[in-house]
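Below is one structure, written out as structure tokens; the observations come after it.
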Amino acid sequence: MADEAKAKGNAAFSSGNFTEAVTHFTEAINLNPTNHVLYSNRSAAYASLAQYSNALTDAQKTVDLKPDWAKGYSRLGAAHSGLHQYSDAVSAYKKGLQIDPTNDALKSGLADAESAQAQAQARSRPGPGGPASPFGDAFSGPEMWAKLTGDASTRAYLQQPDFVNMMKDIQKNPNNLNLYLKDQRVMQALGVLLGVKLSTRMPEEDEEIPEGSTEPQRKEEKRPEPEPEPMEVGEEEKEIRERKAKAQKEKEAGNGAYKKKDFETAIQHYSKAMELDDEDISFITNRAAVYLEMGKYEDCIKDCDKAVERGRELRSDYKMVARALTRKGTALAKMAKSSKDFEAAIEVFQKALTEHRNPDTLKKLNEAEKAKKELEQQEYFNPQIADEEREKGNQLFKEMKYPDAVKHYTESIKRNPKDPRAYSNRAACYTKLAALPEGLKDAEKCIELDPTFVKGYTRKGAVQFFMKEYEKALKTYQEGLKLDPHNQELLDGVKRCVEQRNKASRGDLTPEELKERQAKGMQDPEIQNILTDPVMRQVLQDFQENPKAAQDHMKNPLVMDKIQKLINAGIVQVK
């Protein structure tokens, strides 16, 4: 249960639903309060919500539970940094590096914390370099990246190397912010970090100057607003952008060919896009989709594995990774020839759902599990072995070894679940073992499989009789007699039930028998309905207070039948 809640928390965290992630991790902690990983995960979720006090509490708990786990100190450092406790953050990161000196996350966190600490100290004593940037705090520490990742409007920018480099430069020296204010992405990021909405529109060169300005108004025709240039870039950066643009065109051409079912052409375009830009895994997943459509399942799987691996390296959108896993699972399911083959597909679908809870993936998982179960039944199906197992059960039944007989009848049913004889025989065994509910279930299954199988009615009637449900047993025997009017077992069953009915009608029940029947009758829904029926309540009252009216009621066959049922149940006694 705790693992399930943890998986849900991980999926919510990956999708940016940090509040939901906290809820699931809390549920997991309640179920397993000594698991240090759960506190670590919830600390990360709290930090992503900028609830650093809660993040610190969970991080400290993580370290207390597992003091030799490096990641706990990474969580502790991040929480301290979020609270601007940079000295404590530096100390936490250093402790973690003592445990794992090669941990990149700890190294990066330490560098950020030390940089933020230095900037805070510099702001507290202004030097000759002039005043510090008023936005310095917004760019300090690892919480900057958490906020940019958590906001949908800036998350995609983190896949763009030039943007990441600009943000790193600003983080090192917040005064460099002025160098990048013309870049709309930086302005958008600044708004997210400050918690305000900033306008990213750049004024046009020929924009009309407001009235009262000392400069003359320009009356030239307004030109369309130019595409803003983020910043001057070098030749290498220009070449990268051009290649990315060409890759997107190849992808669009591939999409067009795919819609026309020109799969070979689509593959060529997607392959070219992959050559031009290896930082967009959508090209790989699209080609995988084409291979899947063509029935080239192994090629599809190879592309999906490549997309997942590259996606992990690039920290791509979790939805893209989930898509690749879903396509791999679909290909594996298409290739499956046995129930065991479906196990790999099911595992991949489950991994995809931990990345992103997609309804289509969930549907494919359910279909794969259903197909696996059906194939298992088909693979196990063997009527010949079923007959052999049933005969072994029959021999053991004759020897009165009922538990062993049940085992063989059960195996017979697994080998041929459509044979009513195995259910009938197992019902007889259960009756001998006084496992009456199980016997009744088997007898009913026997009749369901073959309503003309008379033996099923004798089994069901016998179970009901031993359960002292005489009216129900009588009905079952009578239904069987419609199929075989001369069946001696059924006739004997009817006779036994009638005797029990007459015994109650004559008032010959012992006090113990009467008490037992009454208790059982009061649990019967049919008896309960009779007793709560206003008409029958009046009838019963007339039996006690108005004998003449009672005689009139007895002329009604429906009323008479209900009265008889109450008598048989011991509720009404005849004297």
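To the nearest 0.5 Å, the span separating CG on Asp280 from CZ on Arg310 amounts to 10.5 Å. The distance from atom CD of Gln98 to atom CG of Leu106, rounded to the nearest 0.5 Å, is 11.0 Å. Expressed to the nearest 0.5 Å, how far OG1 of Thr361 lies from CG of Leu353 amounts to 5.5 Å. In this structure, the separation between CD on Glu279 and CD on Glu313 is 10.5 Å, given to the nearest 0.5 Å. Rounding to the nearest 0.5 Å places OG of Ser271 at 11.5 Å from CG of Asn286. Summarising the geometry, atom NZ belonging to Lys319 is positioned 14.0 Å from atom OG1 belonging to Thr285; distances are rounded to the nearest 0.5 Å.
Under a 4.0 Å N-O distance rule, the pair Glu376/Lys372 qualifies as a salt bridge. In this structure, Arg421 pairs ionically with Asp387, as a charged nitrogen and a carboxylate oxygen lie closer than 4.0 Å. Using a 4.0 Å cut-off between charged side-chain N and carboxylate O, Glu367 and Lys370 make no salt bridge. The pair Glu448-Lys445 counts as a salt bridge, with a side-chain nitrogen and a carboxylate oxygen less than 4.0 angstrom apart.
Residues Lys407 and Asp404 form a side-chain contact, since some pair of their non-hydrogen atoms from C-beta on lies under 4.5 Å apart. Counting only heavy atoms from C-beta outward, the side chains of Pro403 and Leu433 approach each other to under 4.5 Å. Residues Arg323 and Met320 meet the side-chain proximity criterion, which asks for heavy atoms closer than 4.5 Å. Side-chain contact between Ser91 and Ser87 is absent, with no heavy-atom pair separated by less than 4.5 Å. Within the 4.5 Å cutoff, side-chain heavy atoms of Asn416 are placed close to those of Asp419. Proximity of Lys392 to Glu389: side-chain heavy atoms (C-beta onward) are separated by under 4.5 Å at one or more points. Side-chain contact between Leu365 and Ile346 is present, with heavy atoms from C-beta onward closer than 4.5 Å. Within the 4.5 Å cutoff, the side chain of Leu76 has no heavy atoms near those of the Lys95 side chain.
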(message) Between Asp277 and Lys244, does the salt bridge (Lys or Arg N to Asp or Glu O under 4.0 Å) criterion hold? Intermediate values first, please.
(response) CA-CA 6 Å; Asp277 181 8; Lys244 286 182 178 292; 3.3 Å; yes

Exercise for review: Go through the steps to decide whether Lys6 and Val37 satisfy the test side chain to side chain contact (heavy atoms under 4.5 Å, CB included), and finish with yes or no.
Suggested key: CA-CA 9 Å; Lys6 175 188 172 186; Val37 176; 3.9 Å; yes

- [ ] Give the intermediate values and the outcome of salt bridge (Lys or Arg N to Asp or Glu O under 4.0 Å) for residues Asp305 and Lys328.
- [x] CA-CA 8 Å; Asp305 286 338; Lys328 178 182 178 179; 2.8 Å; yes

Practice prompt. Could you please spell out the steps behind the salt bridge (Lys or Arg N to Asp or Glu O under 4.0 Å) verdict for Glu343 and Lys340?
Written response: CA-CA 5 Å; Glu343 292 177 2; Lys340 193 167 184 63; 3.8 Å; yes

Using the salt bridge (Lys or Arg N to Asp or Glu O under 4.0 Å) rule, take Glu369 and Lys373 through it: C-alpha gap first, then chi angles, then the decisive distance, then the call. CA-CA 6 Å; Glu369 290 176 335; Lys373 186 176 181 180; over 6 Å; no

Go through it in stages, so that I can follow the logic: the residues are Arg185 and Met166, the test is side chain to side chain contact (heavy atoms under 4.5 Å, CB included), and I'd like the CA-CA distance, side-chain angles, deciding distance and then a yes or no. CA-CA 10 Å; Arg185 297 170 298 174; Met166 283 189 284; 3.4 Å; yes

Review point. Going through the checks in order, is the side-chain hydrogen bond (donor to acceptor under 3.5 Å, both in side chains) test met by Tyr270 and Asn255?
Key: CA-CA 9 Å; Tyr270 292 138; Asn255 292 346; 2.4 Å; yes

Original post:
Going through the checks in order, is the side chain to side chain contact (heavy atoms under 4.5 Å, CB included) test met by Glu293 and Val290?
Top reply: CA-CA 5 Å; Glu293 196 74 24; Val290 179; 5.6 Å; no

- Please report the C-alpha distance between Asn10 and Glu355 in whole Å, then the side-chain angles of each, then the deciding distance to 0.1 Å, and finally whether the side chain to side chain contact (heavy atoms under 4.5 Å, CB included) criterion is met. CA-CA 8 Å; Asn10 290 343; Glu355 295 288 338; over 6 Å; no

- Message: Working note: Thr102 + Asp100, criterion side-chain hydrogen bond (donor to acceptor under 3.5 Å, both in side chains); need CA distance, chi angles, decisive distance, verdict.
- Response: CA-CA 6 Å; Thr102 62; Asp100 185 2; 3.1 Å; yes

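When every heavy atom of Ser40 is checked against every heavy atom of Arg75, the shortest pair comes out as OG-NE, 2.9 Å. Residues Ile281 and Gly311 approach most closely at CG2-N, 3.8 Å, considering heavy atoms. Taking each heavy atom of Ala2 and Asn32 in turn, the nearest pair found is CB-CB, 4.0 Å. Closest of all the heavy-atom pairs between Val406 and Tyr430 is CG1-OH, 3.9 Å. For the residue pair Ala45 and Val22, the shortest heavy atom distance occurs at CB-CG2, 3.6 Å. In terms of heavy-atom proximity, Thr62 sits nearest to Gly72 at CG2-CA, 3.9 Å.
Between the side chain of Asp450 and the backbone N or O of Ile447 there is no donor-acceptor pair closer than 3.5 Å. When atom types are taken as modelled, the side chain of Arg42 and the backbone of Ile29 share no donor-acceptor pair closer than 3.5 angstrom. Panel note: side chain Asn382, backbone Ile385; a donor-acceptor pair is recorded below 3.5 Å. Between the Ser74 side chain and the Ala70 main chain, no donor and acceptor come within less than 3.5 Å of each other.
Applying the ring-ring contact (aromatic ring centres under 6.0 Å, His included) rule to pairs touching residues 28-77 yields His36-Trp69, sequence neighbours excluded.
Judged purely by distance below 3.5 Å, without hydrogens or angles, the side chains of Arg415 and Gln384 never pair a donor atom with an acceptor atom. Ser339 and Glu379 share a side-chain donor-acceptor pair at under 3.5 Å. Between the side chains of Tyr93 and Asp112, not a single donor N or O lies within less than 3.5 Å of an accepting N or O. In this model, no donor atom of one side chain and acceptor atom of the other lie less than 3.5 Å apart for Lys364 and Thr326.
Applying the ring-ring contact (aromatic ring centres under 6.0 Å, His included) test to Tyr291 and every residue at least two apart in sequence or in another chain returns nothing. Glu374 is linked by a salt bridge (charged side-chain N to carboxylate O under 4.0 Å, His left out) to nothing, counting only residues two or more places apart in sequence or in another chain.
Proximity of the aromatic rings of Tyr157 and Phe163 is defined here by a centroid distance below 6.0 angstrom, and this criterion is met.
Only one option out of Glu298, Arg327, Lys296, Arg287 pairs with Asp303 in a side-chain contact (heavy atoms from CB on, under 4.5 Å); it is Arg287.
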